[in-house]
**Q** 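Sharing a structure below in structure tokens format, with a few things to ask.
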Amino acid sequence: SAALEGILGSGFQSLVHRLENSLKYALLAVVATVLLIGGFIQYGIPALAKMVAFSLPRETELLIGGETLELLERFYFDPSEVTGERQQQLQRQFESVVADIDPSQSYRLQFRASEKLGANALALPGNTVVVTDRLVGLIEDDLEFDTVMAHEIGHLQQRHALRHALQSLGTGLVVIAITGDVTSITSVAAALPTALVEAGFSRDMEREADDSAARWLKLRGLPVSLFAGFLQRLEADHYKKHPELKEQTQQGVGDYFSTHPATKERIARLEAQEELPL
């Protein structure tokens, strides 16, 4: 009858309405979940990595740094051919920069040859800086070496290597942050060489280290362009060794050292700090 059809029609419409609302809410829930996961990956994990890195005992950091250096020695480094006299001179300069920036901490400087890494400097957990022979060979003014060391000390002060490796642990990092159990953190040492050599530091980490170099130069009354000029020479040497990367950069495929900010961007940012107060 008409009355029955009316009842069925009303019920059917009500069911359709509920399903439509349910679908809408389900889609909203999916979108919200995706946004939350994306936000956690972009902001949450780096924040957790920073918290864990700064809460690690000094002994653990030294252990990770030592194991990382051993792995690098095995796969990337050869004994340095820089003369002992030159190493001693650069060591004195390094100690002078440390005294200006962070005299309360103990830092070590190591020299190694590396065909694979070319002109490079690495800041390892435990306050160790490793400089390659090729980078030493690029230095035209010893103040350039000092600016590079100020940059690397900036990486060490912010524990960038540890944070970078911890971020690669993903959900494992969450467990460490919640439980405080650092027994599994030794896996960080295995991840660090690849992370440092192939991926480098994040853009934000490089900018923080650049800021450290800029502050040191201004503290000494030196132009920030001193570091910017060496960056240009370092980039030119890098592209000389890997010309295919320069072509990719010109085509907009990537920029300097993959995840690093492009050198032009870094230089522009450094130059903008020239007139800023300390």
Side-chain angles (χ1 to χ4, degrees), residues 44-80 87 90-112 114 117 120-132 148-202 204-206 208-209 211-213 216:
I45 287 181
L48 279 176
K50 183 175 182 178
M51 182 189 73
V52 172
F54 277 95
S55 64
L56 285 179
R58 175 66 174 168
E59 295 76 15
T60 303
E61 186 183 1
L62 288 169
L63 175 64
I64 293 171
E67 292 182 357
T68 301
L69 184 57
E70 286 182 13
L71 288 169
L72 288 168
E73 296 274 19
R74 191 181 310 168
F75 298 107
Y76 294 98
F77 290 154
D78 294 308
S80 174
Q87 287 191 30
L90 295 176
Q91 176 67 42
R92 288 192 294 270
Q93 291 181 217
F94 176 73
E95 291 170 358
S96 177
V97 176
V98 168
D100 286 339
I101 297 177
D102 193 8
S104 65
Q105 296 293 320
S106 176
Y107 292 86
R108 292 192 308 155
L109 177 64
Q110 302 281 325
F111 295 90
R112 296 291 188 275
S114 179
L117 298 186
N120 221 320
L122 299 178
L124 306 183
N127 290 350
T128 297
V129 177
V130 183
V131 177
T132 65
V148 174
M149 294 303 96
H151 175 93
E152 297 304 321
I153 291 169
H155 279 311
L156 292 173
Q157 284 183 306
Q158 296 298 323
R159 302 199 175 185
H160 284 159
L162 270 178
R163 288 161 57 184
H164 187 62
L166 284 166
Q167 286 174 207
S168 69
L169 296 180
T171 54
L173 174 61
V174 178
V175 174
I176 293 171
I178 293 174
T179 65
D181 180 14
V182 298
T183 56
S184 61
I185 208 168
T186 53
S187 61
V188 170
L192 256 177
T194 301
L196 291 175
V197 172
E198 295 184 3
F201 292 121
S202 71
D204 288 341
M205 289 177 180
E206 283 300 331
E208 287 180 351
D211 290 347
S212 175
W216 179 82

**Q** Give, for atom CE of M205 and atom CD of Q158, the distance between the pair rounded to the nearest 0.5 Å.
**A** 9.5 Å
**Q** Nearest 0.5 Å, please: how far is CG in L156 from CG in L122?
**A** 10.5 Å
**Q** Indicate the atoms forming the closest heavy-atom contact of A161 with P125, along with that distance.
**A** CB-CD, 3.8 Å
**Q** Rounded to the nearest 0.5 Å, what's the gap from CD on E206 to CG on D204? Could you check?
**A** 10.5 Å
**Q** Roughly how far, to the nearest 0.5 Å, is CG of L62 from CD of E59?
**A** 7.0 Å
**Q** Taking the side chain as everything from C-beta on, heavy atoms only, tell me whether M149 gets closer than 4.5 Å to Q93.
**A** no
**Q** The criterion is side chain to side chain donor-acceptor pair (under 3.5 Å); which residues satisfy it with N127, sequence neighbours excluded?
**A** none
**Q** Do L124 and L72 touch side chain to side chain, with heavy atoms closer than 4.5 Å?
**A** yes
**Q** Just to verify, what does R74 make a side-chain contact (heavy atoms from CB on, under 4.5 Å) with, not counting sequence neighbours?
**A** L71
**Q** Tell me every residue that passes side chain to side chain donor-acceptor pair (under 3.5 Å) with E208, counting only those two or more places apart in sequence or in another chain.
**A** H160
**Q** Suppose we screen for side chain to side chain donor-acceptor pair (under 3.5 Å). Which residues come up paired with E95, at least two apart in sequence or across chains?
**A** Q91
**Q** To the nearest 0.5 Å, what is the distance between CE (M51) and CG (L56)?
**A** 10.0 Å
**Q** Under a 3.5 Å distance rule, please check whether T132 uses its side chain to pair with a backbone N or O of S114 as donor and acceptor.
**A** no
**Q** Specify the closest pair of heavy atoms between L162 and A53, including all atoms of both residues, with the distance to one decimal.
**A** CB-CB, 4.1 Å
**Q** For A209, which residues count as a side-chain contact (heavy atoms from CB on, under 4.5 Å) partner, sequence neighbours excluded?
**A** H151, H155
**Q** Taking only residues two or more places apart in sequence or in another chain, which ones pass side-chain contact (heavy atoms from CB on, under 4.5 Å) with E73?
**A** L69, F77, R112
**Q** Does T128 have any side chain to side chain donor-acceptor pair (under 3.5 Å) partners at least two apart in sequence or in another chain, and if so, which?
**A** R108
**Q** Suppose we screen for salt bridge (Lys or Arg N to Asp or Glu O under 4.0 Å). Which residues come up paired with R58, at least two apart in sequence or across chains?
**A** E61
**Q** Ignoring hydrogens and angles, write down the donor-acceptor pairs under 3.5 Å from the side chains of residues 98-105, residues two or more places apart or on other chains.
**A**
unit_1: D100; atom_1: OD2; unit_2: W216; atom_2: NE1; d: 3.0
unit_1: D100; atom_1: OD2; unit_2: R220; atom_2: NH1; d: 3.2
unit_1: D102; atom_1: OD1; unit_2: S104; atom_2: OG; d: 3.0
unit_1: D102; atom_1: OD2; unit_2: Y107; atom_2: OH; d: 2.6

